[in-house]
> 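Questions regarding the structure given below will be posed in turn.
Just so you know, residue 1 is the first one in the sequence shown, and it goes up from there. Every number for a ligand or one of its atoms is a count from 1 in the order of the listing.
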Amino acid sequence: MKNILESKFIQEFSNVIDRMYLNGWDERNAGNVSYLLLEEELSPYLDLSKKGRVHQLQIDAHKLAGKYVLVTGSGKYFRNVKGNPEANSCIIRISQCGTHAEILWGLKEGEVPTSELSTHLSSHIARLEVDDTHRVIIHTHATYLNIMSAVVDLDEKNFTKALWGLNTENIIIFPEGIGIIPWEIPGNGLIGKNTANKIKTYKIVLWPLHGVVASGETVDSAFGLIETVEKAAMMYMVINNYSNYKTINDEELIKLASAFKVTPNKEFIK
Ligand code: 13P
Ligand code: ZN
């Protein structure tokens with residue numbers, strides 16, 4: 001077997017987690033990441049005929065039956081993942097009936113995957129229904145988005161247009177806008193269901209006063225989306241210290257969308 005620590009997927013996963021930690025978004029164990037792995041990319045590194053430790057799931061995940069997921073461990077510090085991915089994350093295989101998963105690699109001391117596993121699995125299911133190339137879910141406590149969620153009306157149209165209006169590239173990168181769910185208790189309750197419902201339409205969903213959940217076909221695309229939205233939130237919070245500032249108007253947003261052949265959310269702009 002090849003050394004899994006040298007695999008492209010572990011490198012991408014650890015590097016993005018480290019980047020998010022360095023961005024100041026993921027203090028302590030804040031945030032969690034999951035990455036759907038293909039059997040053919042995993043099999044050179046792991047003996048997949050072996051059974052793993054059973055972990056009970058809190059949702060019905062039969063739509064992901066047989067799928068492999070690289071995911072951070074609950075309570076594990078982002079700061080430590082890159083130095084020791086095996087102690088801070090794991091690879092799970094979802095059972096055929098979808099009631100449990102097997103932990104095939106990592107978290108050897110009996111620890112468990114993230115407490116947001118229900119959100120991750122439900123969001124993977126939801127995104128795969130609309131995009132069969134989907135693979136990554138990132139939850140992070142992005143700083144300026146959290147600040148903005150404390151001061152701006154939590155209306156999706158309002159919030160999205162505030163972000164689109166501040167950087168020319170934004171409507172091209174997230175033409176569907178940003179979804180928002182009500183404030184919720186983290187973990188296995190409603191938060192996962194609400195996020196999954198939103199993430200079908202919006203590739204990024206705001207958890208007010210908590211963080212965001214973003215999806216992507218690759219680690220880069222999920223992270224790049226968060227970076228873009230987070231920077232716009234930072235601009236919004238800085239610019240609001242000034243009494244008079246310009247934003248990109250609706251007519252210009254429509255021209256941008258048309259020039260870059262993206263379809264902006266029709267609820268937000270006509
Ligand atoms: P975990 O440590 O269980 O992943 O929880 C962190 C978090 O961000 C909860 O929302
Ligand atoms: Zn969180």
Side-chain angles (χ1 to χ4, degrees), residues 10 13-14 16-36 53 55-59 61 69-92 94 100-101 103 105-124 136-150 154 178-199 202 204-216 219 222-223 225-227 229-230 233:
I10 293 282
F13 180 83
S14 327
V16 82
I17 286 172
D18 203 52
R19 181 70 261 162
M20 292 195 287
Y21 169 68
L22 293 173
N23 282 0
W25 302 345
D26 295 290
E27 69 286 353
R28 240 188 78 114
N29 65 313
N32 21 79
V33 179
S34 67
Y35 187 178
L36 295 174
R53 174 161 61 90
H55 176 69
Q56 219 54 44
L57 301 177
Q58 306 297 320
I59 57 152
V69 192
L70 170 61
V71 59
T72 45
S74 185
K76 298 297 182 179
Y77 286 28
F78 266 35
R79 182 168 62 83
N80 296 335
V81 175
K82 190 170 177 178
N84 194 347
E86 193 169 6
N88 295 289
S89 59
C90 62
I91 294 172
I92 61 173
I94 310 295
H100 64 275
I103 301 177
W105 175 87
L107 301 184
K108 283 201 190 113
E109 310 291 329
E111 310 99 310
V112 293
T114 172
S115 58
E116 304 289 2
L117 189 60
S118 299
T119 292
H120 282 258
L121 299 180
S122 314
S123 299
H124 283 302
V136 176
I137 294 289
I138 297 178
H139 164 55
T140 180
H141 296 186
T143 313
Y144 283 92
L145 280 158
N146 267 344
I147 298 174
M148 195 170 157
S149 78
L154 295 173
I178 182 165
I180 305 177
I181 63 164
W183 183 88
E184 292 285 359
I185 305 285
N188 281 311
L190 262 184
I191 203 163
K193 216 180 224 176
N194 288 342
T195 307
N197 282 338
K198 288 285 180 191
I199 214 159
Y202 303 98
I204 183 161
V205 177
L206 178 71
W207 288 2
L209 301 172
H210 184 155
V212 285
V213 177
S215 59
V219 168
F223 176 68
L225 175 60
I226 303 170
E227 275 187 311
V229 180
E230 168 68 358

> Taking 4.0 angstrom as the limit and counting only heavy atoms of T114, give me the atoms of ligand 1 inside it, by number and element.
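With T114 as reference, the close atoms of ligand 1 come out as 1 (P), 3 (O), 4 (O).
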> Could you pull out the closest heavy-atom pair between H141 and G31, with the gap in Å?
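Scanning both residues, the minimum pair turns out to be NE2-N, 3.7 Å.
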> Around atom 9 (C) of ligand 1, find the nearest protein heavy atom and jot down its residue, atom name and distance.
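Result for atom 9 (C) of ligand 1: E116 OE2, 3.1 Å.
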> Indicate whether the side chain of H124 and that of S34 have a donor and an acceptor atom separated by less than 3.5 Å.
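Yes - a donor-acceptor pair under 3.5 Å links their side chains.
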> Which residue and atom name correspond to the protein heavy atom nearest atom 7 (C) of ligand 1, and how close is it?
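Among all protein heavy atoms, the one nearest atom 7 (C) of ligand 1 is N32 ND2, 3.4 Å.
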> Within the 4.0 Å heavy-atom shell around H139, which atoms of ligand 1 are there?
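Near H139, the atoms of ligand 1 are 8 (O), 10 (O).
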> Within the 4.0 Å heavy-atom shell around G75, which atoms of ligand 1 are there?
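So the atoms of ligand 1 that pass are 1 (P), 2 (O), 3 (O).
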> For the Zn ion (ligand 2), give me the closest N/O/S atom belonging to H141, just the atom name.
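Result for H141 and the Zn ion (ligand 2): NE2.
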> Would you say the side chain of F13 lies within less than 4.5 Å of the side chain of P85, judging by non-hydrogen atoms?
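No, too far: nothing below the 4.5 Å cut-off.
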> Does a donor on one side chain and an acceptor on the other come within less than 3.5 Å for W207 and T195?
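Result is yes, a qualifying pair exists.
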> Shortest non-hydrogen contact from L225 to A214?
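Here L225 and A214 meet closest at CD2-CB, 4.3 Å.
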> Identify, by atom number and element, the atoms of ligand 1 in contact range of H141, meaning under 4.0 Å from any of its heavy atoms.
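Going through ligand 1 atom by atom, the ones under 4.0 Å from H141 are 8 (O).
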> Quick test: of every protein heavy atom, which one is nearest to atom 5 (O) of ligand 1, and how far off is it to 0.1 Å?
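In this structure, atom 5 (O) of ligand 1 has S115 OG, 3.4 Å as its nearest protein heavy atom.
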> Determine, step by step, whether V212 and E230 satisfy the side chain to side chain contact (heavy atoms under 4.5 Å, CB included) criterion, reporting the C-alpha distance in whole Å, the side-chain angles of both residues, the deciding distance to 0.1 Å, and the verdict.
CA-CA 10 Å; V212 285; E230 168 68 358; over 6 Å; no
> Can you tell me how the ring of W25 sits relative to the ring of F223, calling it parallel under 30°, perpendicular over 60° and tilted otherwise?
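If you compare the ring of W25 with that of F223, the planes turn out tilted.
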> What do you reckon, does G31 have a nitrogen or oxygen under 3.5 Å from a nitrogen or oxygen of ligand 1?
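G31 vs ligand 1: N/O contact under 3.5 Å present.
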> Stepwise, does the ring-ring contact (aromatic ring centres under 6.0 Å, His included) test hold for H100 with H55?
CA-CA 6 Å; H100 64 275; H55 176 69; 9.9 Å; no
> Show the atoms of ligand 1 that are less than 4.0 angstrom away from any heavy atom in H210.
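This gives 10 (O) as the contact atoms.
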> Which residue owns the protein heavy atom closest to atom 6 (C) of ligand 1, what's the atom, and how far is it?
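Protein heavy atom with the smallest distance to atom 6 (C) of ligand 1: N29 O, 3.3 Å.
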